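First comes the structure, then the notes that go with it.
These numbers come from a predicted model, not from an experiment.
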Amino acid sequence: MTVLKTSLRNFLAHKGRMALSAVAVLLSVAFVCGTLVFTDTMNTTFDKLFSSTVSDVGVSPQKNDDAQQTGKPQTLPASLGGTLAKVPGVAEVEVHATNQQITVADGRNKSLSPASGAPTVGTNWNEGQKKSVEITSGHEPHGAGEVVLDSDTAAKHGVKQGDKLRVIATPGDFTVAVVGIATYKATNPGAAVFYFDTATAQTRLLGSADEYSGYGLTAAPGVSDEQLKKNVTAAIGTDYAVRTAAETKAENKKDIGSFLDVMKYALLGFAGIAVLVGVFLIVNTFSMLVAQRTREIGLMRAIGSSRKQVNRSVLAEALLLGVVGSVLGIGGGIALAVGLMELMGSMGMKLDTSDLTVKATTPVVGLAIGVVVTVLAAYLPARRAGKISPMAALRDAGNPADGRAGKVRAALGLLLTGAGGAALVAAATSDSAAAGSGMLGVGVLLTLVGFVVVGPLLAGYVVRAVSVVVLRLFGPVGRLAERNALRNPRRTGATGSALMIGLALVAALSVVGSSMVASATQQLDKSVGADFIIQAENDNALSPAVVKAVTSAGNVEHFTRYTHVVAKITTPDGRTATERLTAADPTYADDVRAETVQGKLGDAYAKDAMAVPEGYAKDHGVRLGDRLTVAMTDGRTARLKVAAITSDDTSIDKGALYTGIATAASYLPADKMPLTGMILAKAADGRAKEAAASLKAAVADYPQIKVRDQADYKELIKGQVDQLLNMIYGLLALAIIVAVLGVVNTLALSVVERTREIGLLRAIGLSRRQTRRMIRLESVVIALFGALLGLGLGMAWGATSQKLLAMEGLGVLDIPWPTITAVFLGSAVVGLLAALVPAFRAGRMNVLNAIATD
């Protein structure tokens with residue numbers, strides 16, 4: 001009880017000094033709990049949506065991932081409905097006619113598709129829809145020219161009743177009038193949904209009045225879903241997918257679950273980085289508090305406190321800190337989850353706060369993480385406190401600075417760093433991407449730990465080097481700041497290491513992202529001869545109407561259609577596997593200059609010919625001139641001659657098996673031929689501007705189609721990489737914020753520790769302004785120390801990662817020096833900002849009171 005009272009008294013006495021550590025715990029726990037609440041809420045949202053849209057038993061086509069991409073969804077015969085209606089236990093049969101590969105444009109020819117990447121769904125209106133939505137304005141669709149759309153899409157794009165919309169689908173385009181607005185009873189996470197009458201959905205979306213995309217069966221009273229499924233399977237056989245409501249929900253959840261899991265674990269990974277950085281802050285805080293209470297702890301030992309009691313006292317303070325920070329963090333996590341939901345809403349994925357889900361395990365996990373991490377971080381300072389002898393009561397408060405890290409620590413740090421460096425070299429020179437990735441992971445871990453351990457040793461050298469360039473310019477004040485940073489290398493090393501972790505990841509990702517863009521740009525310049533690339537923005541295939549419109553444009557020398565054909569290929573080694581052949585027009589050999597190791601690529605587009613990549617040829621014993629058995633899915637079997645073997649040293653179409661569109665079409669029925677995925681166009685000589693204008697005019701009626709020249713395509717790639725990197729930088733910002741709090745806390749506690757010293761400096765002539773400048777310069781040099789370590793380490797990680805990516809054709813190493821320089825200079829600014837409050841406090845000290853301080 002005495003230990004607890006002492007701990008509580010010390011905690012309350014130093015609550016100001018504990019505040020920033022508590023904020024670090026709060027932020028770390030908030031990130032973890034916010035991630036859990038956010039992903040649990042998304043799961044709840046989708047569960048409610050799936051529950052409101054499924055029938056007791058659903059009948060659909062068997063899922064076929066290897067089907068040809070014809071732009072038409074898999075369907076069932078309309079005649080099957082009569083058979084299902086006669087199955088014992090079926091009370092009602094609903095027909096479904098749904099297509100998710102459509103585009104809907106408003107009167108201004110603007111696409112109504114979600115910007116979030118969620119689907120645009122066209123489906124038929126039936127009684128079952130009333131379980132999930134209700135028409136809150138207008139009426140149901142009754143004829144071929146009518147449509148009802150969901151209220152979220154209508155509100156987002158300003159669509160009202162009476163507006164005309166154009167539906168762009170594979171079977172053809174058609175115009176409809178909005179006759180109703182439907183509101184979801186559960187949250188619609190972002191899909192744009194359009195309801196047509198059943199006949200229109202069949203003919204306009206599916207392309208046939210004799211087919212449906214599925215059936216929903218309602219069980220008669222007293223008949224369970226499982227029993228109804230058995231009855232249906234017995235009646236129609238196993239050629240169809242028959243699922244109960246529970247099975248359908250599980251299947252839907254599985255499809256969305258992989259995306260949610262990736263998001264969840266990625267966010268938790270960044271939370272883990274923030275927790276790791278927070279550990280440095282907590283260790284520093286307790287180390288400095290223990291050092292400042294040396295005399296007090298010595299007195300406790302002198303009057304009878306044992307080592308264990310002192311140790312427990314410090315750990316009890318850490319426990320209190322962990323509990324307070326964690327409790328606040330749990331609340332902060334819920335607020336963060338709401339913020340993430342609002343952010344997703346601004347990106348097009350609507351999540352309603354009424355679905356906010358806080359599971360009982362979430363606060364338990366948050367509390368456990370906060371408390372355990374805090375107590376473990378305080379363990380070493382607590383052990384040091386337990387070792388303080390009673391004689392310390394006779395000395396001045398504070399421990400002497402350690403000057404240089406211990407020899408054992410330095411040796412261990414150098415050993416770990418050396419081993420990590422060797423692992424990075426092994427990864428960079430590896431012949432296998434799998435083995436290289438493993439060595440990269442080992443190298444990153446060892447070099448990170450090594451730099452943390454050897455940080456105090458590096459602090460002496462790096463801080464001196466930085467001081468020569470930065471601090472010596474400020475004369476005696478700069479020298480004082482340098483010596484303050486050097487007086488306790490362990491503290492400086494720990495503070496800088498916290499900042500190092502976040503900046504190392506920023507630098508590594510910057511190098512990887514910049515190298516990816518530079519490599520892709522080089523490959524485009526080297527390999528792509530076409531002037532224009534025409535494709536759908538939503539990654540859908542191009543409908544026949546779009547292809548006709550594009551190929552009617554003028555000032556173009558030639559067009560090249562590009563698609564993928566699914567087939568089972570039997571190779572000379574006797575193995576058969578499903579592959580996707582890249583089918584294109586013969587001009588593709590001119591538009592994409594793929595290097596060959598044998599033969600000419602142009603020959604692969606001749607009748608009954610193909611090309612294979614060199615890796616595929618080696619693995620399967622394929623030689624130039626061999627004939628491979630190619631069984632086209634939904635078509636006939638061909639014997640295609642290997643007319644060329646392409647090089648694997650590329651990132652464009654790496655690993656592609658080429659054949660001609662004409663060859664594929666000769667073995668596939670017209671309705672099974674995949675739609676064109678992309679069109680390349682070569683402008684007529686000297687007519688590039690005119691060709692661009694002609695192509696854009698040709699697709700003006702199709703808002704989902706984009707015409708890009710090579711410069712536009714490079715910008716698209718850069719924009720996609722930058723968008724990903726900016727999102728990651730935003731998540732890493734939390735770790736950097738925690739690290740900055742560490743700098744603030746270190747300086748604040750250092751000012752308290754040096755109160756008498758600062759008073760003496762003021763007494764002998766140091767002005768308030770000079771005192772504040774000294775603290776600010778000390779902060780800047782610590783921040784620059786962490787930045788130099790982090791940026792150097794990150795660039796090594798990034799360069800190694802690029803060597804592995806080179807195996808995938810991304811062979812250009814590009815160091816983004818503007819970004820690296822901006823981060824380094826930004827670190828100096830961060831150091832200045834972190835020192836504002838501690839420097840202000842130091843400058844306001846009363847000289848006499850400071851000198852009189854114990």
**Study point:** Distance, nearest 0.5 Å, that separates OG1 of Thr362 from CD1 of Ile334
**Key:** 8.5 Å
Check your understanding: Which pairs with one or both residues in residues 464-479 pass salt bridge (charged side-chain N to carboxylate O under 4.0 Å, His left out), sequence neighbours excluded?
Key -> Arg472-Glu482
Exercise for review: Supply the atom-to-atom distance Leu268 CG to Leu36 CG, rounded to the nearest 0.5 angstrom.
Suggested key: 5.5 Å
Point to revise | Option among Val25, Leu328, Val371 that satisfies the side chain to side chain contact (heavy atoms under 4.5 Å, CB included) test with Val323 | key: Val371
**Study point:** Contact summary for Pro114 and Gly190, nearest pair of heavy atoms
**Key:** CG-O, 3.2 Å
Point to revise | Distance, nearest 0.5 Å, that separates CG of Asp431 from CE of Met807 | key: 6.5 Å
**Study point:** Option passing side chain to side chain contact (heavy atoms under 4.5 Å, CB included) with Leu281 (candidates Val744, Leu741, Thr746, Val743)
**Key:** Leu741
Could you pull out all donor-acceptor pairs under 3.5 Å where a side-chain atom in residues 770-777 meets a protein atom, sequence neighbours excluded?
{"from": "Gln770", "atom 1": "OE1", "to": "Ser767", "atom 2": "N", "distance (Å)": "3.0"}
{"from": "Gln770", "atom 1": "OE1", "to": "Ser767", "atom 2": "OG", "distance (Å)": "3.3"}
{"from": "Thr771", "atom 1": "OG1", "to": "Ser767", "atom 2": "O", "distance (Å)": "2.8"}

Check your understanding: Who pairs with Glu537 by side chain to side chain donor-acceptor pair (under 3.5 Å), at least two apart in sequence or on another chain?
Key -> none
Point to revise | Student check: side-chain heavy atoms of Phe270 and Ile728 closer than 4.5 Å | key: yes
Review point. Tell me, do Phe785 and Thr492 make a side-chain contact under 4.5 Å, heavy atoms counted?
Key: yes
Review point. Going by heavy atoms in the side chains, are Phe31 and Leu27 under 4.5 Å from each other?
Key: no
Check your understanding: Does Thr650 have any side chain to side chain donor-acceptor pair (under 3.5 Å) partners at least two apart in sequence or in another chain, and if so, which?
Key -> Gln523
Point to revise | Nearest non-hydrogen partners of Glu778 and Ala481, listed with the distance | key: N-CB, 3.7 Å
Exercise for review: Please round to the nearest 0.5 Å and tell me the distance separating atom CG of Leu731 and atom CD1 of Ile736.
Suggested key: 11.0 Å
Check your understanding: Does NZ in Lys714 sit with more than 12 non-hydrogen atoms of other residues, nucleotides or ligands closer than 6.0 Å?
Key -> yes
Point to revise | Sequence-distant partners of Ser28, side chain to side chain donor-acceptor pair (under 3.5 Å), two or more places apart | key: none
Practice item. Decide if atom CG of Asp525 counts as having more than 12 heavy atoms of other residues, nucleotides or ligands within a radius under 6.0 Å. Key: yes
**Study point:** Flag, side chain of Lys654 to backbone of Asp649, donor-acceptor distance under 3.5 Å
**Key:** no
Study note, to complete from the structure: Lys706 meets the side chain to side chain donor-acceptor pair (under 3.5 Å) criterion, sequence neighbours left out, with none
Can you give me every donor-acceptor pair (side chain of residues 444-458, partner residue at least two apart or in another chain, under 3.5 Å) with its distance?
{"from": "Thr447", "atom 1": "OG1", "to": "Gly443", "atom 2": "O", "distance (Å)": "2.6"}
{"from": "Thr447", "atom 1": "OG1", "to": "Val444", "atom 2": "O", "distance (Å)": "3.1"}
{"from": "Thr447", "atom 1": "OG1", "to": "Trp797", "atom 2": "NE1", "distance (Å)": "3.0"}

Check your understanding: Distance from Met845 atom CE to Thr755 atom OG1, nearest 0.5 Å?
Key -> 4.0 Å
Review point. Is there a side-chain contact between Ile501 and Phe280 (heavy atoms, below 4.5 Å)?
Key: yes
**Study point:** Shortest non-hydrogen separation from Ser527 to Ile652 and the atoms involved
**Key:** CB-CD1, 4.1 Å
**Study point:** Pair Leu336-Phe38, side-chain contact (heavy atoms from CB on, under 4.5 Å): steps then yes or no
**Key:** CA-CA 8 Å; Leu336 177 63; Phe38 176 65; over 6 Å; no
Review point. Going through the checks in order, is the side-chain contact (heavy atoms from CB on, under 4.5 Å) test met by Leu524 and Ile717?
Key: CA-CA 11 Å; Leu524 281 169; Ile717 294 171; 3.9 Å; yes
Review point. Which side-chain hydrogen bond (donor to acceptor under 3.5 Å, both in side chains) pairs, counting each pair once, include a residue from residues 370-380, with sequence neighbours left out?
Key: none
Check your understanding: Do side-chain atoms of Arg708 reach the backbone of Asp712 as a donor and acceptor pair under 3.5 angstrom?
Key -> no
**Study point:** Qualifying residues under side-chain contact (heavy atoms from CB on, under 4.5 Å), relative to Leu813, sequence neighbours excluded
**Key:** Val511, Ser515, Ala799, Gln802, Ile815
Practice item. Work out which heavy atom in Val37 is nearest to a heavy atom in Ala337; give both atom names and the distance. Key: CG1-CB, 3.5 Å
Study note, to complete from the structure: When every non-hydrogen atom of Ala427 is compared with those of Leu804, the smallest separation belongs to O-CD2, 3.4 Å
Check your understanding: Charged N to carboxylate O below 4.0 Å: is that the case for Arg487 and Glu757?
Key -> yes
Check your understanding: Under the salt bridge (charged side-chain N to carboxylate O under 4.0 Å, His left out) rule, what pairs show up with a residue in residues 269-282, not counting sequence neighbours?
Key -> none
Check your understanding: Counting distance only, does the side-chain N/O of Ser326 pair as donor-acceptor with the main-chain N or O of Gly322 below 3.5 Å?
Key -> yes
Check your understanding: Heavy-atom distance under 4.5 Å between the side chains of Val829 and Leu825, does that happen here?
Key -> no
Point to revise | Check: Met341 and Met42 side chains under 4.5 Å, non-hydrogen atoms | key: no
Check your understanding: So, do Leu380 and Val283 sit near enough that their side-chain heavy atoms are less than 4.5 Å apart?
Key -> no
Practice item. Hey, could you give me each pair passing side-chain hydrogen bond (donor to acceptor under 3.5 Å, both in side chains) that has a residue in residues 500-510? Not counting sequence neighbours. Key: Ser510-Tyr729
Check your understanding: If every non-hydrogen atom of Ala30 is compared with every non-hydrogen atom of Gly332, which pair is closest and at what distance?
Key -> CB-C, 3.8 Å
Check your understanding: Atom CG in Leu836, atom CZ in Arg841: separation rounded to 0.5 Å?
Key -> 15.0 Å
Review point. If you look only at pairs with a residue in residues 814-834, which of them pass as a side-chain hydrogen bond (donor to acceptor under 3.5 Å, both in side chains), with sequence neighbours excluded?
Key: Ser514-Asp814
**Study point:** Residue pair Leu732 / Leu509, side-chain heavy-atom distance below 4.5 Å
**Key:** yes
